[in-house]
Amino acid sequence: MALAVFGLLAALLLVGALVVVLHPDSVYSALALVGVMALLAALFVTLDAHLIAAFQVIVYAGAIMVLFLFVIMLIGRPGSGGPFARGKLLWAASGLGAAALAVGLGTMVARSALPTPDAGRAEFGTTTTLARALFTTCLLPFELTSVLLLIAVVGAVVLAKGRPRA
Amino acid sequence: MGIDLAIVAAKAVVVVLMVLSLAGLLGWVERKGSALVQDRIGANRASVLGFAGLGLVNTMLADPIKFLTKEDVVPATVDRRLHLLAPCLNLFPALVTFAVIPFGDVLRLGGREIPLQVAQLNIGVLYVLVMASVGVYGVVLGGWASNNRWSLLGGLRGSAQMISYEIAMGLGLISAILFYGTVDLQEMVRAQAGGPLAWGFVYQPVALLLLLTSGIAESKRVPFDLPESESELVSGYFTEYSGVKHLMFFMTDFVEVIIVSGLVATIFFGGWQVPYLGPQGFELAGGRIVALPHLVVALLQVAAFTVKVVALCWFQIMIRWTVPRFRYDQLMRLGWKGLVPIGLANVMVTALAVVGLG
């Protein structure tokens with residue numbers, strides 16, 4: 001049962017990911033990416049990680065992808081032909097990169113002993129468990145991440161405003 | 001297993017039907033309410049075979065029939081698939097949001113304990129934020145797929161507004177979560193047992209204001225109706241929709257009003273709690289108990305929740321007909337420079353109070 005659900009979700013996710021890359025219309029690509037985010041959230045739910053699934057939808061599908069669509073709408077659809085009318089060199093380079101990534105990830109997965117998720121435990125993946133881990137054992141990296149995001153926001157504001165006129 | 005599944009399905013169907021009929025009812029209440037505010041009679045032309053006496057029933061029946069029998073005009077230049085997808089993506093998240101809102105305590109029936117809440121989710125109130133963030137797509141796509149400048153402007157305004165006010169909404173919810181110490185809405189309601197002085201609005205008035213304001217902004221109704229604003233954008237992101245698809249946008253409006261009411265009632269007005277009603281019956285001063293059978297207690301609780309939701313819906317409709325529309329810069333200023341700092345300050349004060357007072 002669980003394997004069948006996983007297989008279905010994973011297959012849909014791959015189809016969505018292919019649509020993101022291959023569809024000539026950027027609005028459809030962005031929407032397919034939203035679908036991929038939602039399916040990823042569903043996969044998290046099957047692993048009993050409900051809070052992560054909620055964050056996946058709130059942050060990625062609900063905020064970041066809306067901004068993607070926002071920008072696409074403001075700029076308008078790019079000219080026909082799409083991203084594939086760019087020559088063979090780019091094709092070769094991206095193919096090579098993808099192959100290298102696939103090999104690297106494949107060997108990594110093959111070598112590591114994947115622990116079976118202890119999803120059976122009642123408190124696994126609950127809001128309380130995750131919050132406790134986040135604010136006790138992982139407090140420093142968590143806070144450092146927020147500083148990193150702050151730096152990114154400041155950088156974005158500086159870039160958007162441009163240099164002050166002397 | 002089979003019976004449990006059937007119970008869950010029955011609860012889901014009942015809740016969706018209740019929300020939909022209340023939305024239809026609000027369509028009539030809104031017209032009558034506007035007539036009341038504007039000192040006229042209003043909404044008295046729907047008659048069945050010359051009989052106009054039952055204004056409520058007639059209008060409730062006439063409205064959907066009118067929408068269902070209208071021609072569904074799809075302009076030739078639109079993106080047909082996205083044009084169809086947009087109203088569905090608008091209505092669906094609104095309809096499923098009510099799943100986490102408890103409409104009663106546990107109902108004991110034939111040896112079974114049935115929690116009167118469609119979905120007992122571990123993430124609780126965060127689910128509301130999930131669905132609110134997904135609801136933006138209906139607006140964005142409606143504006144984009146219509147291939148119309150007014151629609152696009154409405155869609156862009158709508159998405160910017162909804163994303164902005166989601167932050168204020170989240171901050172209001174964080175204060176409530178800190179205060180109750182749980183994200184579970186059912187637990188929040190249980191913590192409000194006793195009289196009205198135990199209800200959330202006494203302890204979290206600022207969060208109530210934040211949640212109600214951002215909730216109205218999320219539902220894009222006056223004074224926050226800039227995404228549709230008839231005087232500038234014809235009808236905003238759903239200008240190019242007619243017939244049933246227009247009805248779906250129209251319904252979403254009222255369903256969102258009901259959700260905001262349900263959420264505010266649950267977090268700040270005791271949800272299904274009836275003042276001084278315990279699981280055994282009314283608990284009066286001096287330890288006296290007026291005993292009531294379990295079924296009556298459960299029914300009273302559901303009725304109390306319904307009354308609170310309807311009262312808050314009425315409150316929102318009265319706001320809609322009394323307050324004029326904001327300008328766009330005022331809307332953004334209120335969101336980012338007003339509600340967000342207030343929300344942050346409220347979170348800090350609540351956190352200090354929770355830690356300080358234990």
Side-chain angles (χ1 to χ4, degrees), chain A residues 1 19 23-35 37-42 44-45 47-77 119 121-132 135 153 157, chain B residues 79 81-83 85-86 89 92-93 100 119-147 149 151-164 166-167 169-170 173-174 177-178 181-184 187 218 237 351:
Chain A
M1 178 67 186
V19 173
H23 206 285
D25 192 334
S26 45
V27 172
Y28 280 89
S29 281
L31 275 179
L33 194 51
V34 176
M37 300 294 179
L39 286 166
L40 207 55
F44 279 128
V45 170
L47 290 173
D48 276 340
H50 294 121
L51 191 66
I52 306 276
F55 287 159
Q56 177 77 26
V57 176
I58 294 177
V59 176
Y60 287 99
I64 293 177
M65 286 317 297
V66 173
L67 291 181
F68 271 47
L69 270 178
F70 203 93
V71 170
I72 291 170
M73 287 176 186
L74 279 179
I75 301 174
R77 284 188 168 107
R121 277 194 295 140
E123 72 270 29
F124 177 80
T126 59
T127 313
T128 324
T129 317
L130 201 88
R132 190 158 287 135
F135 289 103
V153 170
V157 171
Chain B
D79 188 323
R81 272 174 292 180
L82 294 184
H83 188 263
L85 186 66
L89 271 184
F92 175 76
V100 287
Q120 291 87 42
L121 294 183
N122 177 253
I123 54 170
V125 73
L126 292 178
Y127 174 82
V128 176
L129 284 182
V130 171
M131 285 307 152
S133 63
V134 173
V136 183
Y137 285 105
V139 177
V140 174
L141 285 182
W144 168 258
S146 297
N147 196 12
R149 294 293 144 89
S151 299
L152 184 61
L153 277 174
L156 288 176
R157 279 183 181 186
S159 52
Q161 173 180 332
M162 287 170 85
I163 291 182
S164 305
E166 247 167 52
I167 296 170
M169 190 181 224
L173 285 177
I174 287 174
I177 292 168
L178 276 174
T182 177
V183 289
D184 191 343
E187 291 298 320
E218 286 282 304
Y237 58 95

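What you see is a predicted model, and the numbers here were worked out from it, not measured in a lab. In what follows, chains carry the letters A, B, and so on, assigned in the order in which the sequence lines appear, proteins first and then strands, with residues in each chain numbered from 1.
- Two residues are said to be in side-chain contact when any heavy atoms from C-beta on lie closer than 4.5 Å; A:Met37 and A:Leu33 meet this criterion.
- Annotation for A:Met65 and A:Val34: closest pair CB-CG2, 3.7 Å, computed over non-hydrogen atoms.
- Comparing B:Leu156, B:Ile163, B:Leu129 by how many heavy-atom pairs each has under 4.5 Å with chain A, the most go to B:Leu156.
- The most heavy-atom pairs under 4.5 Å with chain B, out of A:Val57, A:Val59, A:Leu51, A:Val66, come from A:Val66.
- Side-chain contact check for A:Phe55 versus B:Leu126: some heavy-atom pair is nearer than 4.5 Å.
- Side-chain contact between A:Ile52 and A:Leu130 is present, with heavy atoms from C-beta onward closer than 4.5 Å.
- Contact of B:Leu152 with chain A is made through the side chain alone, with heavy-atom distances under 4.5 Å.
- Residue contact with chain A, scored on non-hydrogen atoms closer than 4.5 Å, involves the side chain of B:Val183 exclusively.
- Minimum interatomic distance between A:His23 and A:Ser29 (heavy atoms only, all atoms of both residues): O-OG, 3.4 Å.
- Side chains of A:Leu69 and B:Trp144 form no contact here, defined as non-hydrogen atoms less than 4.5 Å apart.
- For B:Ala145, no part lies under 4.5 angstrom from a heavy atom of chain A.
- Contacts of B:Tyr137 with chain A are made by side-chain atoms alone, with heavy-atom separations under 4.5 Å and no backbone atom involved.
- Only the side chain of B:Val136 comes within less than 4.5 Å of a heavy atom of chain A; its backbone N, CA, C and O stay farther away.
- Ranked by heavy-atom pairs under 4.5 Å with chain A, the first of B:Gly155, B:Ser159, B:Gly143, B:Gly170 is B:Ser159.
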